[in-house]
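Position 1 is the first residue of the sequence, and the numbers go up from there. When a ligand or atom number is given, it counts from 1 through the structure's own listing order. Everything numeric in this text was worked out from a predicted model, so none of it was measured.
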Amino acid sequence: MPETCLFCRIVQGEIPATVVASTDEAIAIRDIDAKAPVHVLVLPKQHLRSLNDATDAGLVGRLMALAVDVARNEGIADSGYRLVINTNEHGGQTVHHLHVHVLGGRPLRWPPG
Ligand code: 5GP
Ligand code: ZN
């Protein structure tokens, strides 16, 4: 668990965040710079640099399931939403601790830039 990792520090409670859901292995927090009316990040408590390091398919599935729970609780499950996992440089990943973006609350354009 790198001391310098922003999301590890949030998991440890060293940096405040608005937690909207939590399990034994993951938390869901509001993005500090929301790109949509609903913008939540689902992250494993364990430090994994990116999806490339997520060798436990069960964990990946549970992160997705938690993201769906968040979408339901935020009231966007029926209107629709998007799950995004930016991976490494070309994927636009800026925080190198695996996270799933849950975006919704407005129509989202496609394709992404
Ligand atoms: P990425 O670009 O790596 O896919 O997504 C990182 C996300 O983390 C961005 O949407 C950014 O706004 C968010 N973020 C960066 N710093 C913080 C922070 O200190 N707290 C929270 N809650 N979100 C953050
Ligand atoms: Zn981390």
Side-chain angles (χ1 to χ4, degrees):
M1 188 172 304
E3 287 173 13
T4 52
C5 173
L6 175 66
F7 286 173
C8 281
R9 295 185 70 192
I10 286 177
V11 167
Q12 294 304 307
E14 293 171 15
I15 293 175
T18 304
V19 178
V20 298
S22 177
T23 69
D24 57 338
E25 61 185 357
I27 60 169
I29 61 172
R30 293 208 189 280
D31 196 292
I32 204 168
D33 181 20
K35 311 298 191 299
V38 175
H39 190 173
V40 172
L41 306 172
V42 174
L43 44 133
K45 292 181 176 176
Q46 171 193 3
H47 181 80
L48 296 168
R49 268 185 59 82
S50 80
L51 191 59
N52 291 341
D53 285 351
T55 52
D56 180 347
L59 172 64
V60 174
R62 291 188 294 277
L63 293 175
M64 290 291 174
L66 183 56
V68 176
D69 286 345
V70 167
R72 285 208 184 90
N73 291 339
E74 296 287 326
I76 58 170
D78 289 342
S79 55
Y81 58 95
R82 189 172 294 167
L83 304 185
V84 174
I85 304 178
N86 295 326
T87 302
N88 285 347
E89 187 182 348
H90 284 188
Q93 185 176 7
T94 59
V95 178
H96 296 281
H97 178 130
L98 173 64
H99 52 281
V100 183
H101 294 259
V102 184
L103 293 151
R106 66 167 171 82
L108 300 169
R109 287 182 298 276
W110 190 262

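Remark: at the Zn ion (ligand 2), atom SG from Cys5 and atom SG from Cys8 enclose 110°, rounded to the nearest 10 degrees.
Applying the 4.0 Å criterion to heavy atoms of Lys35 picks out, from ligand 1, the atoms 10 (O), 12 (O). Taking every heavy atom of Phe7 and a limit of under 4.0 angstrom, the matching atoms of ligand 1 come to 8 (O). Shown in contact with Ile29 at under 4.0 Å from a heavy atom are these atoms of ligand 1, numbered in order with element: 22 (N). Taking a cut-off of under 4.0 Å to the non-hydrogen atoms of Asp33, the atoms of ligand 1 that pass are 12 (O).
Between Phe7 and Leu41 the shortest side-chain heavy-atom distance falls below 4.5 Å.
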Quiz item: So Cys8 and Glu14, side-chain contact (heavy atoms from CB on, under 4.5 Å) or not? Walk me through it.
Solution: CA-CA 9 Å; Cys8 281; Glu14 293 171 15; over 6 Å; no
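Every N/O-N/O distance between Ile15 and ligand 1 stays at or above 3.5 Å. Geometrically, ligand 1 and Ile10 share no nitrogen or oxygen pair separated by less than 3.5 Å. Taking distance alone, with nitrogen or oxygen atoms compared against 3.5 Å, Gln93 stays at or beyond that limit from ligand 1. Close N/O approach between Thr94 and ligand 1 is found [any backbone or side-chain N/O within under 3.5 Å].
Among protein heavy atoms, the minimum distance from atom 16 (N) of ligand 1 is reached at Leu6 CD2, 3.3 Å. Shortest contact from atom 5 (O) of ligand 1 to any protein heavy atom: His99 NE2, 2.9 Å. At the shortest separation from atom 22 (N) of ligand 1 among protein heavy atoms lies Arg30 O, 2.9 Å. For atom 14 (N) of ligand 1, the nearest protein heavy atom (residue, atom name, distance) is Ile32 CG2, 3.8 Å. Residue, atom and distance of the protein heavy atom nearest to atom 9 (C) of ligand 1 are Asp31 OD2, 3.3 Å.
If you take CG on Leu66 and OG1 on Thr23, they are separated by 6.0 Å, rounding to the nearest 0.5 Å. Remark: Leu48 CG to Asp56 CG distance equals 9.0 Å, nearest 0.5 Å. Within the model, atoms NE2 of His101 and CG of Asn86 stand 4.5 Å from one another, a figure rounded to the nearest 0.5 Å.
Test Val11, Val100, Leu63 against Leu43 for side-chain contact (heavy atoms from CB on, under 4.5 Å) and you get one pass: Val11.
Sorting the N, O or S atoms of His47 by how far they are from the Zn ion (ligand 2) puts ND1 first.
Within a 6.0 Å sphere centred on CG of Asp78, heavy atoms belonging to other residues, nucleotides or ligands number 12 at most. Around the CD atom of Glu89, the shell of radius 6.0 Å holds no more than 12 heavy atoms that belong to other residues, nucleotides or ligands.
Here His97 meets the criterion, with an N, O or S atom under 2.8 Å of the Zn ion (ligand 2).
With a 4.0 Å cut-off on non-hydrogen atoms, Val84 does not touch ligand 1 at all. Using a 4.0 Å cut-off between heavy atoms, Asn86 contacts ligand 1 through its side chain alone, with no backbone atom that close. Residue contacts with ligand 1 for Leu41 involve side-chain atoms from C-beta outward but no N, CA, C or O (heavy atoms, distance under 4.0 Å).
Grouping the Ile, Leu, Val, Met, Phe, Trp and Tyr side chains by contacts below 4.5 angstrom, directly or via other members, places Ile32 apart from Ile15.
Here the two rings, on His97 and His99, have centers that are 6.0 Å apart or farther.
Judged by distance alone, with hydrogens and angles left aside, the side-chain atoms of Gln93 form a donor-acceptor pair with the main-chain N or O of Arg49 at under 3.5 Å.
Residue Ala17 places every heavy atom at 4.0 Å or more from ligand 1.
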Give every donor-acceptor pair under 3.5 Å between a side-chain atom in residues 106-113 and any protein atom, sequence neighbours left out.
from   : atom 1 : to    : atom 2 : distance (Å)
Arg106 : NH2    : Lys35 : O      : 2.8

